[in-house]
Amino acid sequence: MDPRFLNISNVSIRFAPRAPNVLQSVSLDVARGEFVAIIGHSGCGKSTLLNIVAGLLQATGGGVVLDGREVDEPGPDRAVVFQNHSLLPWLTCRENVRLAVDQVFSRSKSRAERARWVDETLALVRMEHAADKKPGEISGGMKQRIGIARALAMQPKVLLLDEPFGALDALTRAHLQDQVMQIHARLGTTVLMITHDVDEAVLLSDRIVMMTNGPEAEIGEILTVDLPRPRDRLALAQDPRFLAARAGVMEFLYARHRNPADAA
Amino acid sequence: MTAITSLAPAAPRPHGLARLSPAPGLLAGLAWLAAALFTAAWPDRQDVDRSLTLAALQVLGAGWLIAATLLGNAVPRLGIWSRSVAAWAVLLAVLVSFWQLVTAKLDLLPLPFFASPQALLEVYTDDWARLGDSLLHSVLLLAKGYLIGAAIGFATGVSVGWSRAVGYWVHPVLRLIGPLPATAWIPLAFFVFPSSGSASIFLIALATSFPVTVLTWSGVASVSGAYYDVARTLGASQRFLIFKVAIPAALPHVFVGLFMGLGASFSVLVVAEMLGVKSGLGWYLQWAQGWAAYASMYAALLVMAAMCTTLITLLFRLRDRTLAWQKGLVKW
């Protein structure tokens, strides 16, 4: 297992020449197949970090290397699921997924193979029944599932989730978290997920990266979640290791690095 | 099987549609029959030839209304149609009868300015060939100019919205020339172009292209950056971004431009036909005025209105098909 499959080294970024750095020397190594959550208060720059990995933003200093190749532009080896507006509204769900599949596998798979692959991925998130609907006709949770299906369909080296369940109700969120865990277990995808939900971070990830408040945000602490998989949310609710990890993150976020908006 | 059939009679209308009352449709049919009787039986004071034809048409209309109403239970679409047009049908019967009363029947309004319905009908029965030919020429001329103008406007709008360099060069030209009414070019166009036909095509294209350009441009410029981010993370090329993201996302704006362009093209079409082209409905109007054939003018205006509204309806149909994903569309 390559411990430096995704290598973020000394990444700094600022949005204007004289402005302070939003991120200050962020370094993080993610192993192949690892599930890493990044947590922090709003405005700490966690989405900025994800966008740098995605290639949508260019770091001012430092760089990102994925599987031996430096990241300098967006590409299908790093699939992103955004919090919302991930789907193109004028295409059906199937067409949204097919767009990505055609883009990535136009040479390596035949037309029929690609069509079958699209259906398989839709089945993976159990969305075959809504395949021919437009995004405007389905619920927010379903849209996120299609977004995840599209990301997985590209067979990316790393899956980047930017608060993917942030806009969903608690029940739908739990349901999708379970689905993501199953998919991760089955495909062994490397995942980098932004979240502001402590339970979600502990439940899903192998490591939790806690960010300090911006500007000049940096990694404050990294917590290894030493819980066996598969994980069951009901059983974990009583598990002392789960509670300890949860308490550790809470302590970081609410005692040592309180939200600047509350502190004032 | 028995279980199902025993349930079925309880709900003869499973879709829960309330049974439409046939009364309004039948009333409208009767109103048209009465109007037909009035047309045929009341003696004409003006010298008109087509009273019996008009009455026959009114009977046909009445028959259609009544038939649609009676078939309404079997064919729901017909029933809904007859119900929705019933009030208008009654009003039309009354209006046409009143129009006849003050023209053909009592001769209260001066001829030839106020033509009777019979006189209009006579234009259609006797001069349909010339009217039809004019309509055909108008539609052909409009189609050529409009399609050229829409294509140029669309391409210009996309390039201006997409490329800063193109925008730099085209924007000032657009600002200077665009707001000028296309009709202002008429003297120049008829002088420069080899034929009045090609000049008219140019003018119609010009009138169409300005709103299409501006709205396509604004559509492309206002596409949410999130869509581009999504597409770029799929590894999209520039080509992909333009054709699969920018253009589909801009289409709602483009259709507004096409609609405005169509309106502008109508007015240029008519003016061009009145001033230079020797065919088409505009020319027909002009020609009818020269002969003081006011009935022909009214008849031509009616045809023109039908043409314009049909074309706009077609455009809206196209939009509804293309933009089914968009919510809150206005119905034409």
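Numbered from 1 within each chain, the chains take letters A, B, ... in sequence-line order.
Neither the backbone nor the side chain of Tyr228(B) comes within contact range of chain A, judged by heavy atoms closer than 4.5 Å. For Ala231(B), no part lies near chain A; criterion is any non-hydrogen pair under 4.5 Å.
Counting heavy atoms of neighbouring residues, nucleotides and ligands inside a 6.0 Å radius, atom CZ of Arg114(A) exceeds 12 of them. Trp117(A) CH2: more than 12 foreign heavy atoms inside a 6.0 Å radius. Other residues, nucleotides and ligands place more than 12 heavy atoms under 6.0 Å from the NZ atom of Lys109(A). Environment of CZ in Phe15(A): crowded, with over 12 heavy atoms of neighbouring residues, nucleotides or ligands closer than 6.0 Å.
Looking only at side-chain heavy atoms (C-beta outward), Lys244(B) and Leu91(A) stay at 4.5 Å or farther from each other. At least one side-chain heavy atom of Phe82(A) sits less than 4.5 Å from a side-chain heavy atom of Thr233(B).
Taking chain B as the reference chain and counting heavy-atom pairs below 4.5 Å, the highest number among Leu99(A), Leu160(A), Val104(A) is found for Leu99(A). The candidate from Leu56(A), Val80(A), Val81(A) with the greatest count of non-hydrogen atom pairs under 4.5 Å with chain B is Leu56(A).
Heavy-atom minimum distance, Arg232(B) versus Pro74(A): O-CB, 3.2 Å. For the residue pair Leu234(B) and Pro76(A), the shortest heavy atom distance occurs at O-CB, 3.9 Å.
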